[in-house]
**Q** 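Questions regarding the structure given below will be posed in turn.
This one's a predicted model, so the numbers in the text were calculated from it and none came from an experiment.
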Amino acid sequence: MAKKLCKQSQNFSEWYNGVVLEAQLADYSGVRGCMVIRPYGYELWENMQRVLDGMFKETGHQNAYFPLLIPESYLKKEAEHVEGFSPELAVVTHGGGKVLEEPLVIRPTSETIIWSMYRKWIMSHRDLPLLYNQWANVVRWEMRTRLFLRTTEFLWQEGHTAHATDSEAQEETMRMLGVYKTFAEEYMAVPVLVGVKSDAQKFAGAVRTYCIEAMMRDRKALQAGTSHNLGQNFAKAFDVTYQDADGSRQFVWATSWGVSTRLIGALVMTHGDDRGLIMPPKLAPIQVVFVPIYRSDDEKSAVLAQCQKLLGEAKAAGLRVHLDDRDQMRPGWKFAQWELKGVPLRIELGPRDLQKQQVTLVSRLGGQKTPLPTDGLAQLLLQKCDEFQDALFQRALEFREEHTYEVDDWADFKERIRQPEGFLNCHWDGTAETEAAIQEQTKATIRLIPLGDDAREGRCVYSGKPSSKRVLFAKAY
RNA sequence: CGGGGCGUGGCGCAGACUGGUAGCGCACCUGCUUUGGGAGCAGGGAGUCGGAGGUUCAAAUCCUCUCGCCCCGACCA
């Protein structure tokens with residue numbers, strides 16, 4: 001545990017792996033590409049789940065659960081869908097010691113099995129909208145994996161909704177995109193850009209894919225969530241129709257949207273520094289850690305008694321707090337340890353503090369020690385958490401803005417993307433050929449096409465052809 | 001799938017070229033001293049060296065095969 005982390009500036013990948021392992025968010029398992037989420041990481045995920053789940057319920061959704069195993073034939077019903085997913089499927093061929101008549105796919109996503117059921121449940125316009133979500137694991141056989149960012153099995157939620165009209169489906173798609181943006185920014189303190197994916201980047205089977213995109217501290221982009229307008233693609237593939245008020249039969253309109261444990265990777269790479277993680281207070285498993293300091297047994301009992309008292313008050317105020325009363329570690333070791341784990345606030349409490357009726361507060365952002373009175377400490381800590389949350393968001397936002405550029409010259413583009421220097425807003429002629437050429441030459445992709453119609457004419461950074469708006473280019477995870 | 005790396009006490013590694021009683025650091029246990037930025041000393045426990053064959057009087061070390069994981073690239077949330 002005393003191992004030094006790699007510096008971000010030296011090797012960001014190595015730093016990332018080191019933080020995730022050392023902070024005990026996760027560990028490698030014996031299966032290639034699969035990880036174990038350890039309690040500290042899982043608690044973070046549970047906190048994310050709780051907030052998101054509340055937001056889904058708030059917007060009218062209900063949770064359900066669909067099977068892990070999907071008949072292979074279901075996947076094949078939607079042409080683009082099967083084409084997109086078939087390379088990364090895990091397939092069960094045997095069951096109960098016998099070869100199965102039809103292989104079962106371990107879900108890479110659940111559109112097909114869900115729409116096979118929606119066909120059964122949707123008869124009338126009165127059955128719509130159907131607003132379901134499920135929390136589940138999915139498996140995608142990736143060639144290359146990375147803790148939290150891309151693992152063979154991962155945890156996520158997938159919302160699947162059915163609507164009577166295209167405009168309702170579009171409204172739902174945008175609503176959930178908004179939910180994701182709100183969650184990322186207000187809870188994770190991760191600023192995100194929203195937009196629509198180019199055709200090359202959209203979900204297999206979607207009409208349009210919207211996304212939230214964040215900048216990591218190595219200035220690369222990470223897709224942190226997607227919301228798809230599926231049009232009538234799945235309704236047609238699974239023959240899901242409803243009878244309208246006027247008696248006519250119509251295909252249903254669909255959306256799906258999801259975020260995954262990848263968000264944990266986003267959080268780590270947006271906020272972390274050379275000392276380790278930095279957790280946003282609203283999601284941190286531990287918001288305040290108490291580290292007692294003492295020499296003699298007398299001091300110890302007095303200090304611990306005071307800690308317990310303050311701890312109780314903090315808990316009563318709704319704070320997630322922890323007292324590190326392990327006797328075998330010295331304070332300095334504990335400081336480093338809790339900083340590695342990203343606990344936002346640390347309270348040091350020793351004999352000197354006891355005398356002055358105070359505690360010593362140290363923020364994970366900054367690190368200077370400031371005395372706080374013990375009177376009304378809990379309220380002060382709540383306030384400090386809010387300030388921390390805001391400061392963390394501001395810091396990330398400033399970082400992104402400092403590394404976002406408008407680029408109009410192709411040579412300049414190639415130069416800036418090499419390091420990479422960050423996000424490049426550029427005019428694009430809208431063709432897949434140009435998009436592919438840019439990716440081939442620079443490894444940068446179109447992360448998103450901004451929403452809204454703030455059209456400003458220009459010329460494509462690559463082809464020089466006319467363009468009506470800038471799109472976001474970046475190297476991405 | 002290509003390229004690279006690694007498999008030796010719980011963790012991180014050395015030992016291998018040149019075969020000869022398996023070692024170091026951290027962690028762990030005991031004791032004493034310590035405790036406001038990763039403690040010190042003393043003592044102690046723990047490894048059939050990824051697996052299978054082979055060469056040899058003798059293999060962690062040499063040969064053959066094999067399994068697994070990680071990293072870097074092509075595909076992807």
Side-chain angles (χ1 to χ4, degrees), chain A residues 1-6 11-14 16-18 21-22 24 27-35 83-89 108-109 138-158 180 197 200-204 206 209 211-214 221-228 256-266 275-276 291-297 299-300 303 324-340 346-355 358-360 362 367-369 371 439-440 443 445 476-477:
Chain A
M1 190 61 66
K3 216 179 74 178
K4 283 278 193 313
L5 281 177
C6 180
N11 183 338
F12 196 80
S13 272
E14 207 173 301
Y16 176 79
N17 286 332
L21 296 171
E22 295 294 324
Q24 299 185 352
D27 202 353
Y28 294 107
S29 78
V31 183
R32 173 172 21 126
C34 293
M35 66 173 180
E83 196 190 325
F85 280 105
S86 55
E88 47 190 81
L89 295 180
T109 179
V138 287
V139 166
R140 297 181 185 177
W141 216 262
E142 301 289 352
M143 296 192 203
R144 194 150 129 53
T145 60
R146 217 137 149 19
L147 292 167
F148 287 115
L149 300 177
R150 179 168 297 106
T151 48
T152 299
E153 179 187 6
F154 59 94
L155 306 183
W156 77 345
Q157 59 65 218
E158 44 182 328
Y180 288 156
K197 287 291 187 189
Q201 304 271 337
K202 79 176 181 0
F203 177 75
T209 290
C211 63
I212 56 172
E213 206 81 21
L222 182 77
Q223 179 173 304
T226 47
S227 185
H228 315 288
S256 71
W257 28 272
V259 293
S260 70
T261 38
R262 177 179 250 203
L263 288 178
I264 294 177
R275 291 182 168 208
V291 178
I293 294 153
Y294 48 79
R295 287 189 193 84
S296 64
D297 279 352
E299 277 181 358
K300 179 180 172 183
V303 162
D324 188 352
D325 60 357
R326 290 174 294 181
D327 216 8
Q328 59 277 26
M329 284 97 169
R330 295 161 85 249
W333 190 89
K334 293 178 183 176
F335 298 163
Q337 192 59 198
W338 292 113
E339 281 165 7
L340 170 64
R346 178 172 77 237
I347 294 292
E348 303 175 12
L349 205 164
R352 292 205 298 266
D353 298 300
L354 217 49
Q355 269 191 344
Q358 65 172 39
V359 298
T360 299
V362 185
Q368 60 280 49
K369 307 201 175 196
Q439 178 168 4
E440 196 171 319
K443 300 270 160 53
T445 50
Y477 276 92

**Q** Just to be sure I understand the rule, does A:Lys443 reach a base, reach only the sugar-phosphate, or reach nothing, if contact means heavy atoms closer than 4.0 Å?
**A**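 Sugar-phosphate, no base atom in range.
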**Q** Take the protein atom CH2 of A:Trp257 and the nucleotide atom P of B:rA77, then report the distance between them rounded to whole Å.
**A**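 The distance from CH2 of A:Trp257 to P of B:rA77 comes to 19 Å, rounded to the nearest Å.
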**Q** Is it true that A:Asp327 and A:Tyr294 share a donor-acceptor pair across their side chains at a distance under 3.5 Å?
**A**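 Their side chains do contain a donor-acceptor pair, which is all the 3.5 Å distance test asks for.
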**Q** Could you check how far CD of A:Gln337 sits from P of B:rA39, rounded to whole Å?
**A**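 Roughly 11 Å, once rounded to whole Å.
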**Q** For A:Thr151, answer base if it contacts any base atom (sugar-phosphate contacts may also be present), sugar-phosphate if it contacts only those atoms, and nothing otherwise; contact means non-hydrogen atoms under 4.0 Å.
**A**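 Base contact - A:Thr151 has a heavy atom under 4.0 Å of at least one base atom.
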**Q** Rounding to the closest angstrom, what is the interatomic distance between B:rC69 and B:rG12 at atom C1'?
**A**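 Their C1' atoms lie roughly 16 Å apart.
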**Q** Can you check the distance between B:rU64 and B:rU48, where both ends of the measurement are the P atom (answer in whole Å)?
**A**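 Nearest-Å result for B:rU64 against B:rU48 at atom P: 27 Å.
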**Q** Tell me if a side-chain donor or acceptor on A:Lys202 pairs with a main-chain N or O of A:Ala206 at a distance below 3.5 Å.
**A**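 Looks like yes, one N/O pair under 3.5 Å.
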**Q** Quick check on RNA chain B: between A:Ser29 and A:Arg150, whose nearest nucleotide comes earlier from the 5' end?
**A**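 Closest to the 5' end, via its nearest nucleotide, is A:Ser29.
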**Q** When you compare B:rG44 with B:rA27, how far apart are their C1' atoms, in angstrom units rounded to a whole number?
**A**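 Taking atom C1' in both B:rG44 and B:rA27, they lie 14 Å apart.
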**Q** Output one letter per nucleotide in nucleotides 32-37 of chain B: B when a protein non-hydrogen atom lies under 4.0 Å from the base, S when only the sugar-phosphate is that close, - when neither is.
**A** --BBBB
**Q** Is it true that A:Phe85 and A:Phe203 have ring centroids separated by less than 6.0 Å?
**A**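 Yes; A:Phe203 has its ring centre under 6.0 Å from that of A:Phe85.
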**Q** Tell me every residue that passes ring-ring contact (aromatic ring centres under 6.0 Å, His included) with A:Trp257, counting only those two or more places apart in sequence or in another chain.
**A**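 Per chain and number, A:Trp257 pairs via ring-ring contact (aromatic ring centres under 6.0 Å, His included) with A:Phe56, A:His61.
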**Q** Measure from CE on A:Met143 to P on B:rG2 and round the result to the nearest Å.
**A**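 Between P of B:rG2 and CE of A:Met143: 12 Å.
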**Q** Quote, to the nearest angstrom, the P distance that separates B:rU18 from B:rU61.
**A**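 Straight-line distance between the two P atoms is 15 Å.
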**Q** So what does A:Gly33 touch, heavy atoms closer than 4.0 Å: a base, only the sugar-phosphate, or nothing?
**A**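 Result for A:Gly33 = sugar-phosphate.
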**Q** Do A:Arg150 side-chain atoms and A:Thr145 backbone N/O form a donor-acceptor pair below 3.5 Å?
**A**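 Absent.
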**Q** Under 4.0 Å, counting only non-hydrogen atoms across every strand here, what does A:Leu149 touch: a base, just sugar-phosphate, or nothing?
**A**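 Base contact - A:Leu149 has a heavy atom under 4.0 Å of at least one base atom.
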**Q** Say we look at B:rC29 and B:rG19: how far apart would their C1' atoms be, to the nearest angstrom?
**A**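 Those two atoms are separated by 36 Å.
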**Q** Under 4.0 Å between a side-chain N/O of A:Ser13 and OP1 or OP2 of B:rC71, yes or no?
**A**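 The answer is no; no side-chain N or O of A:Ser13 sits under 4.0 Å from OP1 or OP2.
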**Q** Which value, in whole Å, describes the distance between the P atoms of nucleotides B:rG40 and B:rU34?
**A**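 Per the computed distance, 15 Å lies between those P atoms.
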**Q** For B:rC71, does OP1 or OP2 lie under 4.0 Å from any side-chain N or O of A:Asn17?
**A**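 Checking A:Asn17 against B:rC71: at least one side-chain N or O falls below 4.0 Å of OP1 or OP2.
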**Q** Round to a whole Å and report the spacing from OH of A:Tyr16 to P of B:rC71.
**A**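 In whole Å, B:rC71 P lies 11 Å from A:Tyr16 OH.
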**Q** OP1 or OP2 of B:rC72 sitting under 4.0 Å from any side-chain N/O of A:Arg144?
**A**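 Answer yes for this pair, as a side-chain N or O of A:Arg144 is under 4.0 Å from OP1 or OP2.
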**Q** Round to the nearest Å and state the distance from A:Glu83 atom CD to B:rC76 atom P.
**A**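 After rounding, the reported distance stands at 10 Å.
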**Q** Would you kindly give the CD-to-C1' distance between A:Glu142 and B:rA74, to the nearest whole Å?
**A**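 That distance rounds to 13 Å.
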**Q** Side-chain N or O of A:Tyr28 versus OP1/OP2 of B:rC71: is the shortest distance under 4.0 Å?
**A**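 Affirmative; the distance criterion is met.
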**Q** Closest heavy-atom contact between A:Met329 and A:Lys334?
**A**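 Closest pair (atom of A:Met329, atom of A:Lys334, distance): O-CE, 3.6 Å.
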**Q** Could you state the NZ-C1' distance from A:Lys197 to B:rA77, rounded to the nearest angstrom?
**A**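 In whole Å, B:rA77 C1' lies 10 Å from A:Lys197 NZ.
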**Q** Other residues, nucleotides and ligands only: do more than 12 of their heavy atoms fall within 6.0 Å of CZ on A:Arg326?
**A**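 Correct, the count exceeds 12.
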**Q** Hydrogens and angles aside, do A:Arg146 and A:Ser13 bring a side-chain donor and acceptor to less than 3.5 Å of each other?
**A**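 Looking only at side-chain atoms, A:Ser13 and A:Arg146 do form a donor-acceptor pair, the distance falling under 3.5 Å.
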**Q** Between B:rC76 and A:Arg140, is there an OP1 or OP2 to side-chain N/O distance shorter than 4.0 Å?
**A**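 Looking at the OP1 and OP2 atoms of B:rC76, neither is under 4.0 Å from any side-chain N or O of A:Arg140.
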**Q** Base, sugar-phosphate alone, or nothing: which one does A:Val138 contact when heavy atoms must sit under 4.0 Å apart?
**A**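 No contact.
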**Q** Counting distance only, does the side-chain N/O of A:Glu299 pair as donor-acceptor with the main-chain N or O of A:Arg295 below 3.5 Å?
**A**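 Side chain of A:Glu299 to backbone of A:Arg295: a pair is present.
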**Q** Looking only at atom C1', what distance separates B:rU21 and B:rA60, rounded to whole Å?
**A**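 Between the two C1' atoms, the distance is 14 Å.
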**Q** Given that both distances must come in under 3.5 Å, which nucleotide forms a Watson-Crick or G-U wobble pair with B:rC41?
**A**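 Here B:rC41 is engaged in a pair, and the nucleotide opposite it is B:rG31.
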**Q** What is the distance, rounded to the nearest whole Å, between atom CD of A:Gln328 and atom C1' of B:rC26?
**A**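 So the two atoms are 15 Å apart, to the nearest Å.
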**Q** Could you tell me which nucleotide pairs with B:rA58 by Watson-Crick or G-U wobble geometry, both distances under 3.5 Å, or answer none if nothing does?
**A**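 In the structure as shown, B:rA58 has no Watson-Crick or wobble partner.
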**Q** What integer number of Å spans the P atoms of B:rU33 and B:rC71?
**A**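 Straight-line distance between the two P atoms is 47 Å.
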**Q** Only pairs with both distances under 3.5 Å count, Watson-Crick or wobble alike; so what is the partner of B:rG7 in this structure?
**A**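 Per the H-bond distance test, B:rC67.
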